[in-house]
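This report refers to the structure that appears directly beneath it.
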Amino acid sequence: MAPKNDGSAKKVVMNKGAWTAEEDQKLSQYIEIHGAKRWKTVAFKAGLNRCGKSCRLRWLNYLRPNIKRGNISDAEEDLILRLHKLLGNRWSLIAGRLPGRTDNEIKNYWNSHLSKKINKEKKLETSTKQEIVSKEPCVIPHINVEGVKGSTGNSEDNFDVNEFFDFTTDLGSYKLEWVNKFLELDEDSWLTEKS
DNA sequence: AACGAAGTCAACCGCTAATTT
DNA sequence: GAAATTAGCGGTTGACTTCGT
């Protein structure tokens, strides 16, 4: 269907869908010279008939240097699982812990691989061992991470990860040190759990 | 070989937060 | 301080591929 246009207003119809190699090249070249900011301007000045949002996504997920694509290793998978357990669907935070990986890739990987894996394991667990339910949940001292808001699991208690950890602080310098701590602390139990 | 179902993933959409004017 | 603009996030969609019958 052709877009409505009565001619009274110049309405530019933006390109949508898959990016071409030519578009990629234009975007990369422009960003190389001018930097990645003001995406609306980038889109226009790079000569791309795309919205800024689309350019930003393309750059962040595919064109930016040091992007790793595919072949998520076992170690990375473990990390994703653990971070998801801790943070819920906070893909950008999780991606921040995996150099070269993007939130979109992790989200997709979770939805297509890991969520199913988890469901399978959960079913298996509940059908074989009911006592596991009554076992102590995974805890950082004083914190029940099963109750993290936003996680896909049930959140019976009302622990709010935002409140507790204050994500509004400068993560740039803070670098989620507490996550590192948690992961280190959890490492042993995680490995023994799996074996 | 053909076809439908299921899986995968790039890209879009709607919304909120942050920043600028 | 308010309004407008921009950036970023997570959920969802849809095209394409793979698998099973």
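Bear in mind the structure is a predicted one, so any value in this text is a computation, not a measurement. A, B, ... follow the sequence lines: proteins, then strands. Residue 1 opens every chain.
- Classification of the A:W91-A:W110 ring pair by plane angle, with boundaries at 30° and 60°, yields tilted.
- Residue A:K53 contributes atom NZ, which lies 16 Å from atom C1' of B:dA10 at whole-angstrom precision.
- Judged purely by distance below 3.5 Å, without hydrogens or angles, the side chains of A:E76 and A:Y109 never pair a donor atom with an acceptor atom.
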Under a 4.0 Å heavy-atom criterion, the protein footprint on nucleotides 12-19 of chain C, written with B, S and -, is B-------
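- A heavy-atom distance below 4.0 Å to DNA chain B is reached by these residues of residues 58-73 of chain A, ordered by number: A:R58, A:Y62, A:R69.
- Note: CZ (A:R56) to C1' (B:dA10) measures 15 Å, nearest angstrom.
- In this entry the distance linking CD of A:E105 with C1' of C:dG10 reads 16 Å, nearest Å.
- Under the 4.0 Å criterion applied to side-chain N and carboxylate O atoms, A:R69 and A:E105 are not assigned as salt-bridge partners.
- Under 4.0 angstrom from either OP1 or OP2 of B:dA11 there lies no side-chain N or O belonging to A:S54.
- In A:K37, the NZ atom is not crowded: 12 or fewer heavy atoms of neighbouring residues, nucleotides or ligands sit closer than 6.0 Å.
- At distances below 3.5 Å, at least one donor-acceptor pair connects side-chain atoms of A:R64 with backbone N or O atoms of A:L60.
- Between the P atom of B:dC12 and the CG atom of A:N49 lies a distance of 12 Å, rounded to the nearest Å.
- Rounded to a whole Å, the CD atom of A:E23 is 16 Å from the P atom of B:dA10.
- Taking the centre and axis of the six-membered ring of A:W39, the NZ or CZ atom of A:R50 falls outside the cone set by 45° and 6.0 Å.
- Look at CZ on A:R90: it is 14 Å from C1' on C:dG8, rounded to the nearest Å.
- As rounded to whole Å, 11 Å separates atom P of C:dG11 from atom CG of A:D103.
- The CG atom of A:N89 sits 7.5 Å away from atom CD1 of A:I94, with the distance rounded to the nearest 0.5 Å.
- A:W19 is listed as a side-chain neighbour of A:C55, based on a closest heavy-atom distance under 4.5 Å.
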Between the protein and nucleotides 4-6 of chain C, list the N/O to N/O atom pairs that are separated by less than 3.5 angstrom.
| unit_1 | atom_1 | unit_2 | atom_2 | d |
| --- | --- | --- | --- | --- |
| C:dT6 | OP1 | A:R38 | NH1 | 3.3 |

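- With 3.5 Å as the limit, one finds no donor-acceptor pair spanning the side chains of A:N49 and A:E23.
- Side-chain atoms of A:Q29 do not come within 3.5 Å of backbone N or O of A:K26 as any donor-acceptor pair.
- Looking at heavy-atom distances under 4.0 Å, A:G17 makes contact with sugar-phosphate atoms alone, never a base.
- Per the geometry, CD1 belonging to A:I106 stands 14 Å off P belonging to C:dG11, to the nearest Å.
- An OP1 or OP2 oxygen of B:dG7 is reached within less than 4.0 angstrom by no side-chain nitrogen or oxygen of A:S112.
- Between the side chain of A:R101 and the main chain of A:G70, a donor-acceptor pair closer than 3.5 Å is present.
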